[in-house]
Student: 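One structure, as structure tokens, below. Some questions next.
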Amino acid sequence: MESLDEIKERAEAAVPGARIDIVVNPGPAQQSSLLIDNEHAAAVARLLRDDSALRLDFCSNATGVDWLDRTVKKTAKVKAVVDGVEKEIDQTSEEKIPGYLEAVYHLYSMTHKHGPVVIRMRTADRGEGARLPSLTPVWRSAEFQEREIFDLYGVRFDGHPDLRRILMWDEFEDYPMRKDYRDPDDYEYEPTPHDDVLERAKEHYAPRPELDGAENITAGQ
């Protein structure tokens with residue numbers, strides 16, 4: 001199978017305006033991926049599926065990733081005058097990266113028996129901009145898995161044929177797989193013992209004795 005660099009170059013040549021970056025995976029698997037811009041993602045996906053040399057005709061799985069706001073430290077060499085002498089020193093700066101969500105797809109070729117090729121897309125942010133184009137029209141096997149990403153991460157897939165919750169009930173609020181998700185004090189369909197609920201609530205609610213009937217309680221009683 002072609003290398004990611006070769007696939008990237010050919011896809012950018014075949015789909016005018018497409019922007020594709022290689023995201024290096026430093027982990028033991030060394031499974032790097034292609035980050036595709038959202039505007040051209042569907043066209044690039046069809047190329048990966050239909051190209052005679054690739055024939056990536058099967059999407060084995062799609063999953064979500066949540067990236068919170070983070071600060072990255074960068075070090076660069078700069079020239080500075082130290083004690084009257086010009087020297088090259090390390091200068092550290094910080095870059096703030098706003099949070100976003102990702103959808104990651106693993107693609108295989110049943111025709112040529114090769115893969116995986118991993119592709120990913122990123123949302124504009126973790127709020128109203130958490131939207132991505134659906135790849136279900138290209139790989140039907142992505143339908144339920146995009147619904148799962150929508151349900152658990154809150155990514156809305158434009159063009160999905162049946163985008164609705166698949167694990168949580170319709171009235172459920174929030175997205176359980178996001179990194180800043182907090183378990184509710186009590187569950188609507190699974191009542192929690194009162195003492196457990198009270199202990200959970202104490203962790204994030206300030207005491208309010210004037211409302212809780214404890215206004216007359218004093219220390220030492």
Side-chain angles (χ1 to χ4, degrees), residues 3-9 11-12 15-45 61-107 116-135 145-146 148-158 173-185 200-206:
S3 68
L4 283 187
D5 290 287
E6 292 171 326
I7 296 173
K8 171 184 181 308
E9 292 178 6
E12 289 177 332
V15 182
R19 300 182 305 279
I20 305 174
D21 295 310
I22 294 179
V23 179
V24 177
N25 180 355
Q30 297 289 305
Q31 199 172 66
S32 300
S33 56
L34 298 174
L35 173 63
I36 306 173
D37 75 284
N38 299 340
E39 182 181 354
H40 300 90
V44 172
N61 72 289
T63 189
V65 183
D66 182 15
W67 295 92
L68 297 172
D69 296 349
R70 62 192 189 277
T71 300
V72 177
K73 290 185 177 181
K74 296 184 176 181
T75 302
K77 296 285 186 181
V78 298
K79 290 184 178 180
V81 177
V82 180
D83 297 329
V85 180
E86 186 178 69
K87 296 182 179 179
E88 192 175 65
I89 63 172
D90 291 333
Q91 185 178 69
T92 302
S93 61
E94 292 186 348
E95 179 184 1
K96 293 186 177 180
I97 302 178
Y100 55 86
L101 301 164
E102 284 187 330
V104 182
Y105 302 76
H106 286 69
L107 311 176
V117 171
V118 183
I119 64 172
R120 61 181 66 216
M121 299 181 291
R122 290 178 180 171
T123 65
D125 54 46
R126 298 173 74 251
E128 292 301 317
R131 308 185 75 95
L132 293 173
S134 173
L135 298 187
Q145 298 178 77
E146 285 184 345
E148 184 179 54
I149 299 170
F150 162 68
D151 191 2
L152 302 181
Y153 289 90
V155 177
R156 299 198 68 87
F157 288 93
D158 297 326
E173 298 181 359
D174 213 340
Y175 307 104
M177 288 299 290
R178 288 202 184 188
K179 291 178 180 177
D180 55 1
Y181 173 75
R182 179 180 59 80
D183 285 333
D185 299 327
R200 291 178 185 174
K202 286 179 179 178
E203 295 178 2
H204 49 268
Y205 288 114

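For reference, positions follow the sequence shown, starting with 1. No experiment lies behind these values; they were computed from the predicted model shown.
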Student: Please answer whether the main-chain N or O of Y100 pairs with a side-chain N or O of R126 as donor and acceptor at a distance below 3.5 Å.
Tutor: no
Student: Output the distance between atom CD1 (I149) and atom CE (M177), rounded to the nearest 0.5 Å.
Tutor: 10.5 Å
Student: Enumerate the salt bridge (charged side-chain N to carboxylate O under 4.0 Å, His left out) contacts for residues 31-41, please, sequence neighbours excluded, ordered by first and then second residue.
Tutor: R19-D37
Student: Residues in side-chain hydrogen bond (donor to acceptor under 3.5 Å, both in side chains) with E148, at least two apart?
Tutor: none
Student: Might you confirm whether atom CD of E128 has over 12 heavy atoms from other residues, nucleotides or ligands at distances under 6.0 Å?
Tutor: no
Student: Between CD1 of I119 and CG of L4, what distance do you get to the nearest 0.5 Å?
Tutor: 11.5 Å
Student: What's the shortest heavy-atom distance between A41 and M121, and which atoms?
Tutor: CB-SD, 3.4 Å
Student: If I take atom CD1 from residue I36 and atom CG from residue L135, how far apart are they, to the nearest 0.5 angstrom?
Tutor: 7.5 Å
Student: Would you call R182 and D174 a side-chain contact if the rule is heavy atoms closer than 4.5 Å?
Tutor: no
Student: So which heavy atom on E12 is nearest to which on A18, and how close?
Tutor: CG-O, 3.8 Å
Student: Which residue, K79, K77, K73, K74, forms the salt bridge (Lys or Arg N to Asp or Glu O under 4.0 Å) with D90?
Tutor: K77
Student: What closest approach, in Å, do P133 and N38 show between heavy atoms, and which atom pair accounts for it?
Tutor: CG-O, 3.4 Å
Student: How far apart are the closest heavy atoms of Q145 and A62, and which atoms are they?
Tutor: OE1-N, 2.7 Å
Student: Side chains of I97 and W67: does their closest heavy-atom pair fall under 4.5 Å?
Tutor: no
Student: V118 and H106: side-chain contact (heavy atoms from CB on, under 4.5 Å), yes or no, with the steps?
Tutor: CA-CA 5 Å; V118 183; H106 286 69; 3.6 Å; yes
Student: Would you give the length of the straight line joining atom CD1 of I20 to atom CG of L34, rounded to the nearest 0.5 angstrom?
Tutor: 6.5 Å
Student: What heavy-atom pair brings F157 and S134 nearest, and what distance separates the two atoms?
Tutor: CB-CB, 3.9 Å
Student: What is the minimum heavy-atom distance between S33 and R120, and which atoms define it?
Tutor: OG-NE, 2.9 Å
Student: Does E102 form a side-chain contact (heavy atoms from CB on, under 4.5 Å) with V23? I'd like the steps, not just the answer.
Tutor: CA-CA 12 Å; E102 284 187 330; V23 179; 5.8 Å; no
Student: So does D158 pair up with R131, basic N to acidic O under 4.0 Å?
Tutor: yes
Student: Could you walk me through whether D69 and K96 satisfy the side-chain contact (heavy atoms from CB on, under 4.5 Å) test, starting with their C-alpha distance in whole Å, then the side-chain angles of each, then the deciding distance to 0.1 Å, before giving a yes or no?
Tutor: CA-CA 7 Å; D69 296 349; K96 293 186 177 180; over 6 Å; no
Student: Taking E94's backbone N and O only, do any of them form a donor-acceptor pair with T71's side chain (distance below 3.5 Å, no angle check)?
Tutor: no
Student: If you apply the rule side-chain contact (heavy atoms from CB on, under 4.5 Å), what do you find for E146 with L132, and how did you get there?
Tutor: CA-CA 10 Å; E146 285 184 345; L132 293 173; over 6 Å; no
Student: Any chance you could measure Y175, atom OH, to L101, atom CG, to the nearest 0.5 Å?
Tutor: 10.0 Å
